[in-house]
Structure formats: C-alpha cells, structure tokens
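Report on the structure given below.
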Amino acid sequence: MLLNEVDFQVYVESTAQFLRLFALHVRLFMDYVSASATFQLIRNLSFFYVAYYLVSHSWRELCARGLIGSVNDLYQYLARSFFRLLMLVPQIKSKVSNELSSAMAQMEAEMTDLGPTVTRHLELPEHGQSSEDVLNEMRQLSLLKHSAWEDGKVSGAVYHGGEEILRLQTEAYGMYTVANQLHPDVFPAVRKMDAEVVSMVLRLFNAPETGVGCSTSGGTESLLMTCLSAKMKAYRERGVTEPEIIAPVTIHAGFDKAAYYFGIKLRHAKLDPKTYQVDLKSVRRLINSNTVLIAGSAPNFPHGIIDDIDGLSKIALKYKIPLHVDACLGSFVVPYLERVYAADPDPAVSKIPRFDFRVPGVTSISCDTHKYGFAPKGSSVILYRDSTYRKNQYFLATQWSGGIYASPTLAGSRPGALMAGCWATMMHVGDDGYYASAKSIVATARRIKEAIRTEIPEIYVIGEPLSSVVSFSSEQLNIYALADALSSKGWHLSALQNPPALHIACTRLTTAGADNELIKCLKDSVATVKAAGKAKAKGDTAALYGVAGSVSTRGLVDELAVGFLDILYKA
Ligand SMILES: *Cc1c(COP(=O)(O)O)cnc(C)c1O
C-alpha cells in the first residue's frame, strides 16, 4: 500500500508525538529514581569507593616510593612513553628497526652458525641411526667452539665437583633413567633419596624439628614455590587479594618471575649505599596490609653480599610477615662460612652474619643443590620452618576425571634420575668434602678481592663480600669496556647494572690457578681501557649496556631480549 501525502503527514506527526511522550516518561522515571534515597546511596557509595580506591592506592605508592621516588617514577614513565611515541615517526622507526635487525642478524650468526661441517637435522631421520653413529655425532658436537669454562674463565655457569663426581653421577643416572617421583609406589628408592636430600639440607641450615621442604628443578622453581606459598597463606588466613612482596633490588630475578606468574606485586627495597645490604628503613616503609612476604639473600647474585637477615627478621616478627632467605647461590658454601673464617680469620671481617633458621623470623630458605652442592643441573631445595608454609604451595585436583591428583611442586612427572644423581653426589662429597670445597672457593674469592683492593686502584670492590662472588666497579673507567677487554682474552665475567659493575662467581674451576690468571688479565685490561681514553667504547657489552642504560633506548632492550630468546629455537 502506498501512503498518500496527507497520510504521511499524519504518520510523521504521530511518531513525533510518541517519541515526545516516551522521552517525557523516561525523564519522569529518572527524576523519580534519582530522588529516591537508595539511588543516592548507591551513587554516593560508588563515588566513595572509587575515591577510596584511588586515594589509598596512590597513598600506598607514595609511602612506598617517597615523594622523590614517586616523581622519579613519573618522570621515567613519561620519558619512556615519549620515546615510545617517538618510535612511531616513520623515519626514526625505520632507522631503529634497521639497526635492530642488523644487531639481531649478528646475534643469530654468532649463536647458530656452527660452520659447514655440522649437519642440521630438521626432521626425524627416516631410519633410526645406530647408537654408535649418534654418539659419534654428539662427540663431534661437544667440540664446537664455546666459552672456555674448562679453564675456569667463566663466572659461575659450571658448578662441577670434579671428574670423579661426574663419573659417579653418570652411573647413578644410568641406574635410575626411567624413574619418576610422581610414582613413589613404582620407585620407592627415589622417594627415599628425595626425602633424605631434603633432610640433609634442612640440617645444614639448622632447621628446627618442625622443618620440612621439597626438592625442585632449580633455584627459580624454589623461589616460585616460596612466593606461591606466601601468597596462598595470606589469602587463606587474611583474605589478602592484592598480594605484595618486599625484596631488595639485588634479589634474584626469579622473584620478578614469580610476581609475573602469580599476579603478585614485587616492591623493591633500596640498598644501604655503604654496605650494599638491603636498607632496613626502606623495607619498613614498603610494608602495608597487603605484604605477604619479605625476602633477602645469602648472598645475592649481583654483589655476593649477605643481607642483614637479623634486621629483616626483627621487622618480619614485628609485623608477622614470613621471611624468605635466598641461599640458592650460597648453597653449600654459606653454611660453612663460620668454620672457614674461624680457620682462616680476616681482620676486615669481625663476624659472619647469621642467615639460617637460627634467626627466629626466617620462615623459608632456598638452596641450590645444583650449584655448590655439585649435583647435576636441575636440582634445588625449598625449606620451610614448618609444614603450614609448605602446605600452601601444594596443588590438588581431587575431583579430576583422571583420578585424585596431588603434586608438591610445579612439575608433574619429575626426573628421578636427577634426584639419584643429587643424592649420590651428596653422599659422596659429605660434610668434610663440602667444607673443603667451601674453604678453597672462599679463599679464591678473597684472593681476588684483596688483589683488586691492593693492586688495581682504578677499580673498587663493591661492599664486603664474604662468600664466593666478588663484584667490582670503577669511577674512572667504563666498566663494560673492561668486560669487553677481558672477553677478548677469553674471560667471561657477568655484567651488572644499576650501578654498572662486573662480577665473578668463583667455582672449583676458578680455584685451580685461574684466579691468578684473572688478576693478571684484569691489570692488563685496565691498562688497555685506560689507554683507549675517552674514545667511545665499541665492544658488545659496552654497546648493549649503553642501550639499556639510556632512557631513550631502553625500550629496545626488550626487543633484543625477545630476539635472543627466539634465536634459541632456530634449528
Ligand atoms: C642461581 C641463583 C638462583 C636460581 O637460579 P636458577 O638458575 O633457577 O637455579 C636464585 N638466586 C640466586 C642468588 C642465584 O644466584
């Protein structure tokens, strides 16, 4: 049916009338509702909630970071955002991405170009090869050019306990290759060894009778477990839903990983500028009702400094917060420090600070059996003062259609062979063996520390390291250029930042004369860097940390790091 002109007029008018009426009713309804007390109450409550949320969060940040810290945070944030925006300018973007891809190509070539003699296997061989052929190829591959760890020229990295231990471990592996701790009924021997390893480490750290623990795949997993346990305990006991952990800036990055994985906020405490231990005032300032854990290291990775655990313990007890001590690196060296220094006193060291369960506030300790315990890689232990802490790291799925499932740590199936290797090592080395190795490792670190202090005035030792790590920096030289000079002589020390420094984690391999060689190389390299004067340092370390250290280019380091991880899986 077609509408004639009059009908159309009527149609438009009646529609408009309807809409006017509808609008009027909506307005009447809104007036009615907003006049009602309930609505006003809800509106006011929402307003106060949002205001409370904003004010309390801002206040917490302000208390935690202080006025100067907060202003600095804001500046860093704005600067980074500004440079991120700058990257959107096409000319700048293309220049940066050219430089990035050339850096990436160089990195890829260095890591994956193994020369023409190496065959790449990108798919399964059509027919299985004989054991002999496989082993021959693996023997060839072990000869690929690599950093000279065998001569002790690498910081940390290889914590092996000697040829004899390696043979023992290989045999232990062979005996338990198929074992899996997930099935204690099938492998009762491995369950026994596992429990005994934990018990031995508990004793080493003076745990009380109530002490318990778990073995894990490495230090990072031990840290993940203690953070998870703290988060869950605070949630279950106090209803904390926005958990926070306080740890010094020198705490291992495993804590950042735990925070990332488990949705925890990690608040970094400052260091005392003289001792490089955690600044207790800074810790106290960061505490609030969401704090679920405080942590310190014995010693920390960057500087090898043992934090003031006694001081942290007082705070932890006062505020009833669990306290974790990261002794992953200290492992089987720090428990012997008192004996080592008693046998060979150092006039500069009056007292070895306590860090284990004898300190009353300490509730958990992580210790890497695969570092100075000399166990095969993939082995660490997390210890707790009592089972209430451990219980909170457990995972249960009791209604799973696959059956009642319960697992103590991250992994499901666990390599029993590794545990057998760890147990065999600890039984073989024993208390006297670990004491002897601690003694020689500490003596080596002390020689390096004293040589730097007395013979190389251009660089200075950071703090007063007592254990196996010595870190050093310089006010006169570009420390990263020094790293590159050392690297050209085959030495691979760890580069540190904030502040720029280098460190060596001494191992058994460093003790075998490599320390004297290092001291000599350090002197030569200092001379080389000095001779180069103010010219811009061109080495890889200097370039990378130059990029990382500048606000304008910091964002690029993320891309380089992602590129690095991608290259790991270029077959
Ligand atoms: C090595 C280390 C860890 C753990 O590292 P993993 O590589 O996961 O074993 C944790 N804390 C410190 C201080 C360390 O040196």
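Numbering of ligands and ligand atoms starts at 1, following listing order.
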Query - Whether Ser217 side chain and Gly378 backbone form a donor-acceptor pair below 3.5 Å - result: no
Run the numbers for me: atoms of ligand 1, each under 4.0 Å from some heavy atom of [X], listed by number.
X	result
Leu329	13 (C), 14 (C), 15 (O)
His370	9 (O)
Asp326	10 (C), 11 (N), 12 (C), 13 (C)
Lys371	1 (C), 2 (C), 3 (C), 4 (C), 5 (O), 14 (C), 15 (O)
Phe301	13 (C), 15 (O)

Query raised in the report: Side chains of Lys449 and Asp346: does their closest heavy-atom pair fall under 4.5 Å?
Result: yes
Query raised in the report: Does Lys351 come within less than 4.0 Å of Glu464, counting only side-chain N to carboxylate O?
Result: no
Query raised in the report: So is there a nitrogen or oxygen of Thr220 less than 3.5 Å from a nitrogen or oxygen in ligand 1?
Result: yes
Query raised in the report: Between Gly219 and ligand 1, is there a nitrogen or oxygen pair with a distance under 3.5 Å?
Result: yes
Query raised in the report: Which class fits the ring pair Tyr545 and Tyr480: parallel under 30°, tilted 30 to 60°, perpendicular over 60°?
Result: parallel
Query raised in the report: Regarding Ser380 and Ser222, is there a side-chain donor-to-acceptor distance under 3.5 Å anywhere?
Result: yes
Query raised in the report: Of all residues at least two apart in sequence or in a different chain, which pass the side-chain contact (heavy atoms from CB on, under 4.5 Å) check with Asp344?
Result: Arg446
Report task. Of the side chain and backbone of Glu221, name the one, both, or neither that has a heavy atom under 4.0 Å from an atom of ligand 1. Result -> neither
